[in-house]
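The structure appears right after this line, and notes come after that.
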Amino acid sequence: MNQQIRVRFAPSPTGYLHIGGARTAIFNWLFARHYKGIFTLRIEDTDRSRSTDEFLNLIIEGMKWLGLDWDEGPFRQTDRFDVYKNYAGRLIKEGKAYYCCCTPEELERKRQIAVASGLPMKYDGKCRDLNIKPAYMSTALRFKMPQEGQIIVNDLIKGHVAFENSQLEDLVIIRSDGTPTYNFVVVVDDIDMNISHIIRGDDHLNNTPKQIHIYEAFASKMPQFAHLPMILGHDKSRLSKRHGATSVLAYKEMGYLPEAIVNYLARLGWSHGDQEIFTKDEMIEYFSIENIGKSAAVFNPEKLLWLNSHYIINSNPLRLAGMVLPFLIQKKIVSEDQDIDIKWLSKAVNLLRERSKTLDELANSLRYFISDSVEIDPKASQKFLTTEGIKYLSEIRDSLSRLQDVSAAEIEKIFTDLSKTHNIKLGAIAQPVRVALTGGTASPGIYEIIEIIGKEKTIKRLSKAIEQLGKGFS
RNA sequence: GGUCCCAUCGUCUAGAGGCCUAGGACAUAGCCCUCUCAAGGCUAAGACACGGGUUCGAAUCCCGUUGGGACUACCA
């Protein structure tokens, strides 16, 4: 047996968990679960000015909602500064890092000049051999990057990628305020946490040669790298807020199911033949880095919506009823203290399942099942609550009031009998009833609706519709 | 500007030199089913960026062009 698989997801709490981050997390999680390895969560919060606990909590909430459980962590880099100091000390002792006293203004000026003359914008190494001693202020610690030869990144997705060492600059590993920087802490943590595979966005591919040199400076075993292609917006630029919702939790609020998000994101860049729908277990079983594509993918909200409706259709109505409840409360269809029969609710949910693409939609459709009265759409009323329609309405009402067993089957009998006696299509009766009961022209089967709404409420609504015409409202 | 990555229907993708008159899915259109709306079923339209090689044979390999993207911080 080879060494244990250990991967990590390392978000920085400078924002909520977004779609791209979630996909990286999913791939890491899938990889760990597939190989029965360890998935660790690490919080990269070395940028203290931009990191907040609020974002951290939101990220954790998002992970939990998606069902991405981790085995170790969350570790916070701000808790590990002594570790980084230690590692940095080793580098200094071995002459692999040096202090730099260049000012930001000076560096910026040099960058300008480099751009103007078409040279790479890299640090010129001014302080490299000056042997500067650390001062209280304004000395940063830089890593001595090799300046000759090539470095090959052997990436599990991108293949062999070569970089010229001369393109790499002596990056700052400890800021002048004493805090360590990303490219350094990443390596230290991955060494310290014994990470075997680094699966991350390919926006980090250019950082990888620098990081490899740091690994080498510590004579550490090299992890395997796998750089995932980016997720793009519809205009093919990197997915961002201007393309719409990018926060995972925003999708929760819009009424998406976590399994739809996970399925969609997993399929974005990864595939298993022609299969589109995967259970979690299937994904874990089939997942393989080999089947991850190399090219960036455009995020397609429509396909996500389709997957969501698929999962809603195939969800247990009782579970859906529980999930839709917060939406009903938020819409004030149900009051917070209202005692609602979840079993009864699930019957209505059952009818609405295949007509709702989101829980939000589902909640809206539930309104006419739950509310006492229904608001009738004027257009629908005009079309179906005609003199003729009203006539059928009252006949249905009469038959219904005589009915003992208010079941869909019995109700159907009433409707079909009536259509036969008048020699008219079922729709001529069903549509007016539908309008009277639901307020609109589109709904689940009318017999089932009546069964769920119940005899009393149905008759009340039919009567109200009949009265409205009598008052000249049409 | 420099470095690096990428390139099959509108979108996600299958495709590891002959199985490809390029398959599936979303979206779109039509039909069927039908009490409406959905769901479901069937059908249609729709792609190998371009140019050179290599090969008996290329979507698949190589080179170039073009186009997109990422990185280029004392951010991560």
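Proteins come first, then strands; the chains are lettered A, B, ... in the order of their sequence lines, and each starts at number 1.
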Mind checking if His204(A) touches a base, just sugar-phosphate, or nothing, with heavy atoms under 4.0 Å?
base
Quick one: is A73(B) close enough that its OP1 or OP2 comes under 4.0 Å of any side-chain N or O from Lys122(A)?
no
Tell me what Gly293(A) touches on the nucleic acid: a base, only sugar-phosphate, or nothing, going by heavy atoms under 4.0 Å.
nothing
Keeping to residues at least two apart or across chains, list the ring pair (Phe, Tyr, Trp, His ring centres under 6.0 Å) pairs with something in residues 152-191 of chain A.
Tyr182(A)-His204(A)
OP1 or OP2 of A14(B) under 4.0 Å from side-chain N/O of Ser271(A):
yes
What is the base-pairing partner of U28(B), counting Watson-Crick and G-U wobble geometry with both distances under 3.5 Å?
A44(B)
Categorize Cys102(A) for me: base, sugar-phosphate, or nothing, with a 4.0 angstrom heavy-atom threshold over every strand shown.
base
Which is true for Thr181(A) with a 4.0 Å heavy-atom rule: it touches a base, it touches only sugar-phosphate, or it touches nothing?
sugar-phosphate
Return the nucleotide paired to U55(B): Watson-Crick means purine N1 to pyrimidine N3 with N6-O4 or O6-N4, wobble means G-U with N1-O2 and O6-N3, both under 3.5 Å.
none
Could you tell me whether Leu268(A) contacts a base, only the sugar-phosphate backbone, or nothing, with contacts defined as non-hydrogen atoms closer than 4.0 Å?
sugar-phosphate
Partner nucleotide of C71(B) by Watson-Crick or wobble geometry (both distances under 3.5 Å):
G2(B)
Distance-only donor-acceptor test, Glu276(A) side-chain atoms vs G24(B) base atoms, 3.5 Å:
yes
Please work out if Ala140(A) contacts a base, only the sugar-phosphate, or nothing of the nucleic acid, heavy-atom cut-off 4.0 Å.
base
Side-chain donor/acceptor contact of Thr441(A) with base of C37(B) under 3.5 Å:
no
Short side-chain N/O contact from Arg111(A) to OP1 or OP2 of A73(B), under 4.0 Å
yes
Which part of the nucleic acid does Ala162(A) contact within heavy-atom distance under 4.0 Å: base, sugar-phosphate only, or nothing?
sugar-phosphate
Can you tell which of Leu205(A), Thr208(A), Leu228(A), Val7(A) makes a side chain to side chain contact (heavy atoms under 4.5 Å, CB included) with Arg200(A)?
Thr208(A)
Short side-chain N/O contact to C6(B) OP1/OP2 from Lys294(A), under 4.0 Å:
yes
Re A22(B): Watson-Crick or G-U wobble partner, both distances kept under 3.5 Å, found to be none
Tell me whether the OP1 or OP2 atom of A76(B) has a side-chain N or O from Thr46(A) closer than 4.0 Å.
yes
With rounding to the nearest 0.5 Å, note down the distance linking CG in Leu257(A) to NE2 in His310(A).
10.5 Å
Whether Tyr286(A) and His272(A) hold their rings parallel, tilted or perpendicular, with breakpoints at 30° and 60°:
parallel
Between Pro444(A) and the options Ile449(A), Ile452(A), Asn350(A), the side chain to side chain contact (heavy atoms under 4.5 Å, CB included) test singles out Ile449(A)
Who is the Watson-Crick or G-U wobble partner of G64(B), with both distances under 3.5 Å?
C50(B)
Complementary nucleotide for A38(B) - Watson-Crick or wobble, under 3.5 Å:
none
Counting the atoms with a prime plus P, OP1 and OP2 as sugar-phosphate, which does Pro444(A) contact under 4.0 Å by heavy atoms, base, sugar-phosphate, or nothing?
base
Determine the contact category for Tyr447(A): base if any of its heavy atoms lies under 4.0 Å from a base atom, sugar-phosphate if only primed atoms, P, OP1 or OP2 are that close, otherwise nothing.
base
Side-chain N,O (Arg353(A)) to OP1/OP2 (A38(B)) below 4.0 Å
no
May I ask you to say what Asp177(A) touches in the nucleic acid, namely base, sugar-phosphate or nothing, with a heavy-atom cut-off under 4.0 Å?
nothing
Is Val161(A) close to Phe225(A) at the side-chain level, that is, under 4.5 Å between some pair of heavy atoms?
no
Within the structure shown, what part of the strands sits under 4.0 Å from Asp45(A) by heavy-atom distance: base, sugar-phosphate, or nothing?
nothing
